[in-house]
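Note sheet for the following structure.
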2 protein chains.
Amino acid sequence: MSGNSAKTTDKPESILRKTLSATVESDIEQRIVEGVYGPGDRLDEEELSAKLGVSRTPVREALRKLAAHGLVTIRPRAGATVARPSMAEIIDLFEVVSELEAFAARLAAHRATDTQMRAIQQAYKACGKLAASKDAQAYFDANRIFHGAIWAAANNPALTEQIMSVDKRLAPYRRQITFHPTRKQDSESEHDQIAQALAARQQDVAERAMRDHVMILSDDALQLARDLRI
Amino acid sequence: MSGNSAKTTDKPESILRKTLSATVESDIEQRIVEGVYGPGDRLDEEELSAKLGVSRTPVREALRKLAAHGLVTIRPRAGATVARPSMAEIIDLFEVVSELEAFAARLAAHRATDTQMRAIQQAYKACGKLAASKDAQAYFDANRIFHGAIWAAANNPALTEQIMSVDKRLAPYRRQITFHPTRKQDSESEHDQIAQALAARQQDVAERAMRDHVMILSDDALQLARDLRI
DNA sequence: TCTGTAATTATTGTATACAAGAGCAACAGG
DNA sequence: CCTGTTGCTCTTGTATACAATAATTACAGA
């Protein structure tokens with residue numbers, strides 16, 4: 001058994017043999033990331049089990065896993081809620097993710113295969129087209145694909161995992177930004193710098209551009225959060 | 001020693017209201033980090049529940065949480081085992097943690113309070129004293145305290161959390177190194193550089209020194225792993 | 001009306017029972 | 001001797017029952 005485990009592409013979401021609990025987890029997670037359940041919302045076990053058509057047991061296990069990832073807060077004997085990080089925590093998380101993404105960009109500049117590089121450039125162009133459009137959700141998704149292509153090109157699955165983990169926790173706050181009309185254009189010029197640096201395989205430039213890009217996003221998110229009194 | 005583990009051992013996470021599952025989790029985690037259960041070892045639910053004096057339910061929840069942290073691998077319907085990352089995955093994890101620790105060092109150089117700085121220097125000295133000693137475990141612990149003091153001085157709890165998470169997964173491999181006699185001396189000169197840079201609040205130097213320190217550790221760990229055919 | 005306390009309620013934490021699939025062993029056939 | 005199949009066993013996955021406690025409400029007294 002220890003022989004050729006080969007390349008078990010250890011994807012976070014890889015569900016080879018579907019167990020119920022796995023689908024329950026991704027189901028709840030999706031609702032949180034998509035904003036169906038917002039920060040602070042109560043996650044009643046019975047309610048969820050009824051909604052998902054399973055008993056409390058798999059729901060509980062899913063909630064525990066999500067809590068381990070920081071997406072959900074569980075207070076003993078007081079139930080689970082969608083995590084509601086304080087302003088300070090949000091700042092900290094953005095700081096971490098900006099560093100990780102910057103590192104991913106550096107690695108990508110160094111290690112991206114030709115195929116991966118093409119994927120990045122393609123995702124960049126797709127973003128550009130949607131920047132002008134009114135469809136914020138489409139741009140949000142395209143943006144995610146662009147970043148995801150860079151994470152993949154870093155060729156470090158553990159790094160990707162870490163970034164995605166932190167990113168999920170920030171999803172509610174990033175989402176807000178996307179709906180600000182001016183942000184998309186600014187974001188595009190930043191994406192342009194990143195894409196160019198990567199294409200030229202300039203590690204330092206790519207790293208710095210990515211860090212700045214995420215930090216600007218962070219500033220905007222925080223400003224918005226402040227305005228909205230989150 | 002099946003006796004009740006009412007003794008709250010050294011737990012970094014403060015548990016306000018102790019629930020059984022919480023203690024079960026840290027109990028299993030401790031056994032993994034301390035090497036009682038090594039990579040690949042099977043974690044039988046019934047066996048653990050008997051050993052810990054609880055039913056399967058809390059054991060299962062604990063295992064799920066540990067799996068979420070990457071410390072345990074769960075294959076559906078095939079049980080849980082202590083995670084056994086491939087060589088490639090170990091490299092990736094070291095790469096991530098070196099970057100995170102380097103970032104923590106940078107932040108610490110910038111943000112450490114005087115008290116925090118004193119704690120770092122104190123931990124550094126404690127390491128130095130133990131470097132010459134034969135007590136590998138004591139040095140291992142002192143080393144952890146030194147690094148922990150720097151993480152704390154970065155004043156970014158989210159970053160500390162990430163580092164600790166990755167660090168736990170690497171514990172079995174780091175542990176090996178500590179028992180290599182030459183490593184301790186080398187490590188000390190590296191610690192010296194880090195401590196000096198922090199004291200002088202030189203962000204760039206501290207960052208680089210820490211990155212190099214962890215990467216050297218990584219190289220040694222991998223060499224050793226290779227020798228031991230892990 | 002406000003406040004502190006006590007009973008109540010509702011939800012979580014844990015244990016146990018049952019169902020279902022994976023792994024193993026015995027065995028038949030080559 | 002090896003190999004593929006078949007049935008059994010053992011562990012996990014899920015459901016449900018019960019216990020314990022946090023939150024809420026009702027109420028008495030100021």
Side-chain angles (χ1 to χ4, degrees), chain A residues 1-5 8 13-29 31-32 37 40-69 71-84, chain B residues 2-6 8 11 13-29 31-32 37 40-68 71-84:
Chain A
M1 63 187 77
S2 60
N4 43 4
S5 55
T8 49
E13 303 283 316
S14 73
I15 300 165
L16 301 178
R17 302 166 195 85
K18 59 179 176 185
T19 77
L20 211 38
S21 62
T23 68
V24 168
E25 189 204 344
S26 55
D27 206 330
I28 299 174
E29 179 183 302
R31 288 171 196 232
I32 294 173
Y37 295 124
D41 284 1
R42 192 127 195 328
L43 297 170
D44 186 278
E45 294 180 359
E46 217 158 347
E47 187 186 320
L48 282 170
S49 61
K51 200 166 286 184
L52 300 175
V54 295
S55 81
R56 276 179 54 213
T57 309
V59 170
R60 277 180 66 82
E61 295 192 345
L63 289 176
R64 299 307 157 108
K65 278 171 83 173
L66 292 171
H69 283 301
L71 224 66
V72 160
T73 300
I74 293 179
R75 285 186 312 160
R77 308 220 176 255
T81 56
V82 177
R84 191 154 71 126
Chain B
S2 59
N4 292 343
S5 56
T8 52
K11 275 177 287 188
E13 292 87 9
S14 64
I15 296 164
L16 301 178
R17 301 167 194 86
K18 61 179 175 186
T19 76
L20 209 38
S21 62
T23 70
V24 168
E25 188 203 344
S26 54
D27 207 330
I28 298 174
E29 179 183 303
R31 287 171 197 232
I32 294 173
Y37 295 124
D41 284 1
R42 192 123 195 330
L43 298 169
D44 187 278
E45 294 180 359
E46 216 158 350
E47 188 186 319
L48 283 170
S49 61
K51 201 165 284 183
L52 300 176
V54 296
S55 81
R56 276 179 55 214
T57 309
V59 170
R60 277 180 66 82
E61 296 193 345
L63 289 175
R64 298 307 157 108
K65 277 170 86 171
L66 292 171
L71 224 67
V72 159
T73 300
I74 293 179
R75 285 186 314 159
R77 307 218 176 259
T81 56
V82 178
R84 190 154 71 130

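Chain letters run A, B, ... following the sequence lines, proteins first, then strands; residues in each count from 1. Both backbone and side-chain heavy atoms feed into the values below; hydrogens, waters and symmetry mates do not.
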Given the rule in the side-chain contact (heavy atoms from CB on, under 4.5 Å) test, do Glu29(B) and Leu66(B) qualify, once you have shown the distances and angles that lead to the verdict?
CA-CA 7 Å; Glu29(B) 179 183 303; Leu66(B) 292 171; 3.8 Å; yes
Step-by-step side-chain contact (heavy atoms from CB on, under 4.5 Å) determination, Val59(B) to Leu43(B)
CA-CA 10 Å; Val59(B) 170; Leu43(B) 298 169; over 6 Å; no
Is any side-chain nitrogen or oxygen of [X] closer than 4.0 Å to OP1 or OP2 of [N]?
| X | N | value |
| --- | --- | --- |
| Arg60(B) | dT11(D) | no |
| Ser55(A) | dA15(D) | yes |
| Arg75(A) | dA23(D) | yes |
| Ser21(A) | dT14(D) | yes |
| Arg42(B) | dT12(D) | yes |

Please report the distance, rounded to the nearest Å, between [atom1] in [X] and [atom2] in [N].
| X | N | atom1 | atom2 | value |
| --- | --- | --- | --- | --- |
| Ile74(B) | dT11(D) | CD1 | P | 17 Å |
| Leu63(A) | dT11(C) | CG | P | 15 Å |
| Asp44(A) | dA22(D) | CG | P | 17 Å |
| Glu45(B) | dA15(C) | CD | C1' | 14 Å |
| Leu48(A) | dT11(C) | CG | C1' | 13 Å |

Start at the 5' end of DNA chain D and walk down; is the nucleotide closest to Thr57(B) or to Leu43(B) reached first?
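Taking each residue's closest nucleotide, the earlier one in sequence belongs to Leu43(B).
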Going through the distances and angles, do Val72(B) and Ile28(B) end up as a side-chain contact (heavy atoms from CB on, under 4.5 Å)?
CA-CA 10 Å; Val72(B) 159; Ile28(B) 298 174; 5.6 Å; no
Would you please test Lys65(A) and Ser21(A) for side-chain contact (heavy atoms from CB on, under 4.5 Å) and show each step?
CA-CA 10 Å; Lys65(A) 278 171 83 173; Ser21(A) 62; 5.9 Å; no
First of Arg56(B) and Glu61(B) reached from the 5' end of DNA chain C, by closest nucleotide
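Looking at DNA chain C, the more 5' nearest nucleotide goes with Glu61(B).
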Which of these nucleotides, dA15(C), dA20(D), dT16(D), is closest to any side-chain atom of Arg77(A)?
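So the side chain of Arg77(A) is nearest to dA20(D).
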